[in-house]
Structure formats: structure tokens, C-alpha cells
Amino acid sequence: MSWQNFIARHQVGDVVDGVVTAQMPFGSFVEYDGVTGLAHQQSWPVGARVSVKILAIDPENQRFSLAAA
């Protein structure tokens, strides 16, 4: 899914299922349909399937913030 399709189909508050692609000291990166968001202060193993809630979407920087659903 392209970034434009993502922001056209989703809004803050949506819950999506994704896969953890990287774990950092400040959180986990989660990929959903080809776009990646950051779940701050979440520590999931790489490769884990997780349900996350969209907290914020930043169209200008093509980023979105997530939290455990």
C-alpha cells in the first residue's frame, strides 16, 4: 500500500494488525501493508504479529504513531 492509500483509508483511532520489523530502545517499528509506524515505549520481538491503534498521522513526514491495541 502506498502512503497516499494509507492516509486515504485510515484515521486516528483505527486498529490494524502488523508485523514488528525493528526493536529500538524507544519503541518498536511495526509494518502494516507496506508502511511502517512507531509504537513508542513498546518492546515486542522482531517478527511478532501485533494489533496496534493509530495514535497520530503525520502526512507531511509520512509517519504515524502507534500504541498497543
Side-chain angles (χ1 to χ4, degrees):
M1 172 183 305
S2 73
W3 176 252
Q4 293 302 325
N5 287 340
F6 173 81
I7 60 173
R9 291 178 48 196
H10 295 289
Q11 60 187 2
V12 171
D14 286 356
V15 175
V16 298
D17 292 326
V19 176
V20 178
T21 59
Q23 213 308 303
M24 303 300 223
F26 49 82
S28 296
F29 285 96
V30 178
E31 181 180 322
Y32 164 75
D33 276 350
V35 294
T36 302
L38 175 62
H40 291 277
Q41 299 178 342
Q42 297 294 322
S43 181
W44 294 306
V46 172
R49 280 199 76 68
V50 295
S51 289
V52 289
K53 182 177 183 178
I54 299 172
L55 297 180
I57 298 174
D58 179 356
E60 185 175 303
N61 294 307
Q62 296 187 359
R63 291 194 257 191
F64 61 106
S65 298
L66 305 165

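Along the sequence shown, the residues carry numbers beginning at 1. These numbers were taken from a predicted model, which means no experiment stands behind them.
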ask   = Of all heavy-atom pairs between Ser28 and Val20, which one has the smallest distance, and what is that distance?
value =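 Reported closest heavy-atom pair: CB-CG1, 4.1 Å.
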Give the minimum heavy-atom separation between Ala69 and Val15, together with the two atoms involved.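 For Ala69 versus Val15, the nearest heavy atoms are CB-CG1, 3.7 Å.
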Rounding to 0.5 Å, atoms NE2 (His10) and CD1 (Ile54) come to a distance of 6.0 Å
Next on the checklist: Nearest 0.5 angstrom please: Asp14 CG to Leu55 CG, how far?
Outcome noted: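 It comes to 11.5 Å.
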Students should find that the hydrophobic cluster of Val46, defined by side-chain heavy atoms under 4.5 Å apart, otherwise consists of none
Here the ring-ring contact (aromatic ring centres under 6.0 Å, His included) pairs for residues 11-30, sequence neighbours left out, are none
So ring-ring contact (aromatic ring centres under 6.0 Å, His included) across residues 48-69, not counting sequence neighbours, yields Phe6-Phe64
side-chain hydrogen bond (donor to acceptor under 3.5 Å, both in side chains): pairs with one or both residues in residues 54-65, sequence neighbours excluded: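 Those involving residues 54-65 are Asp58-Asn61.
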| said: Applying side-chain hydrogen bond (donor to acceptor under 3.5 Å, both in side chains) as the test, list every pair that has at least one member in residues 36-54; sequence neighbours left out. | reply: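 Qualifying pairs: Asp17-Ser51.
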Hits for side-chain contact (heavy atoms from CB on, under 4.5 Å) against Gln4, two or more places apart or cross-chain, chain-then-number order -> Ser2, Ile7
Practice problem: Give a yes or no on whether Leu38 and Val19 share a hydrophobic cluster (residues Ile, Leu, Val, Met, Phe, Trp, Tyr; joining criterion: side-chain heavy atoms under 4.5 Å apart). | Solution: no
